[in-house]
Number of protein chains: 2
Amino acid sequence: MARQGLTAERLAKVGAELADEIGFDQLTVSAVARQVGVQPASVYAHLSGTGDLRARVALLALEELADLVSEALAGRAGIDALVAYADAYRDYARAHPGRWAAMQTPLDPATAARSAGPRIAAMTRAVLRGYDLAGEDQTHAVRLIGSSLRGFIDLEAAGSFDHSGPAPAVSWRHTLVALDTLLRAWPPRAEHDHGQPTLEGR
Amino acid sequence: MARQGLTAERLAKVGAELADEIGFDQLTVSAVARQVGVQPASVYAHLSGTGDLRARVALLALEELADLVSEALAGRAGIDALVAYADAYRDYARAHPGRWAAMQTPLDPATAARSAGPRIAAMTRAVLRGYDLAGEDQTHAVRLIGSSLRGFIDLEAAGSFDHSGPAPAVSWRHTLVALDTLLRAWPPRAEHDHGQPTLEGR
DNA sequence: GTGCTCTACCTACAGGCTGTAGTACAAATC
DNA sequence: GATTTGTACTACAGCCTGTAGGTAGAGCAC
């Protein structure tokens, strides 16, 4: 009855917190409405639906992560920058699993262009400035780093590392050192009996 | 009216195909019922609900992938085995996006133990037998490989590589060569001005 | 073939979520 | 105080889940 002062921004913020608690795939218009103590229909005055809600949470998460990465990278280079960059990702994902999940769902191209995604991409390339990479090699390196970090974080979040060996944090450190090693020696060369079979297609 | 001969196995198979078409997150009891031309309630005679349906699709996908990987690895070692292993993963994910997504969702521990997951894990370690890794190093290597491949495949599926540089397949080859290089030189060592800052915690 | 049993599949329904239409009431402006 | 604006409401239609209880076909005994 009394006005709550709902806005799309506030709903996105509530949605982000709720996603961290109950999981991004459980995030619905109804859940947000319940959380702020309002009827579901009222939310539709500010959001166009569940898809809109989730996209806004994703945008919010990208902004937050971009800010954290930006802060982490300040004044660092080489492996220090790489570690700071990677830790910013992993720390964020662990602290905010719902927002992390939100960031993984593809945005439509127009929205993606307006998001903080490009800002993050630029910082990723900035990390690689500490290494000696030119042209396409840089793209390959960006993709390798992105793949490894995202894969590790997803597997850790899914609990895939829970039932074996040393703590994930130890493997994480090894992974970062390994990536640093690779970047310093880029491009990698297959030195194998058969020559370079892997670059010949199948 | 006429009997369809529904079974849990057949429903899981239909579910797998449907997931590839409409997306794993759109896979519901209702959708499967529609697909086989039956009332939703009838499906509950064979499955305990949407969760059960999705878990069965995941198990089916794990079996399929395990068979493919097993076949791909036969008679190969070293980088050839690594490439065959990785390509089996990527090919499967590209051919069956819904089943790939199904495999990513965590199963409950009891089900996971009975799945083809352990079989796949054993084959992953088999790939590493071509390299000289002992004890914990092997675990770290398994995790790095798993992370990199899964991350790459997920990013490619999400379309993250669509708007830049060379074709993903090119980066994929580079990634595999890079991983091979790393495995041959394992453990990686940080050779940096500051010593080994990354192994000291933060 | 008649009757029995099992079970596959059905209709009907309760409850939750989405999204739309139309309404009441609070706040801001004049 | 009257008007305007917009916030939040009730009511509803539609789809999905999952349960309860009923019908009919398949296989078997005789």
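Chain identifiers are assigned alphabetically (A, B, ...) following the order of the sequence lines, protein sequences preceding nucleic acid strands; residue numbering begins at 1 within each chain.
- Sorted by residue number, the list of members of residues 16-23 of chain B with any non-hydrogen atom under 4.0 Å from DNA chain C is empty.
- Taking only side-chain nitrogens and oxygens, A:S42 comes nearer than 4.0 Å to OP1 or OP2 of D:dC9.
- Residue B:R10 contributes atom CZ, which lies 13 Å from atom P of C:dA8 at whole-angstrom precision.
- Once rounded to the nearest 0.5 Å, the distance linking OG of A:S147 with CH2 of B:W172 reads 8.5 Å.
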- Item | Reading 5' to 3' through nucleotides 11-23 of chain D, protein heavy-atom contacts under 4.0 Å coded B for base, S for sugar-phosphate only, - for none | B----SBBB----

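- Each salt bridge (charged side-chain N to carboxylate O under 4.0 Å, His left out) pair with one or both residues in residues 11-31 of chain A, not counting sequence neighbours, appears once here: A:D20-A:R99.
- Taking atom CD on A:Q26 and atom P on C:dG16, their separation rounds to 15 Å, with Å as the unit.
- Distance, A:L47 CG to C:dT18 P: 11 Å, rounded to whole Å.
- The shortest non-hydrogen separation linking B:V57 to B:A12 is CG2-O, 3.7 Å.
- Rounded to an integer number of Å, the gap from A:H46 NE2 to C:dG19 P is 16 Å.
- Protein atom CG of A:L6 is 12 Å distant from nucleotide atom C1' of D:dC9, rounded to whole Å.
- Side-chain atoms of B:T105 never come within 3.5 Å of backbone atoms of B:A101 as a donor-acceptor pair (strictly under, hydrogens ignored).
- A:F24 pairs by the ring-ring contact (aromatic ring centres under 6.0 Å, His included) definition with nothing, not counting sequence neighbours.
- Under the rule for a side chain to side chain donor-acceptor pair (under 3.5 Å), the partners of A:T111 that lie at least two apart in sequence or sit in another chain are A:D108.
- The shortest non-hydrogen separation linking A:A113 to A:P118 is O-CG, 3.9 Å.
- Residue pairs that meet the side chain to side chain donor-acceptor pair (under 3.5 Å) test with at least one member in residues 65-74 of chain A, sequence neighbours left out, are A:D67-A:R119.
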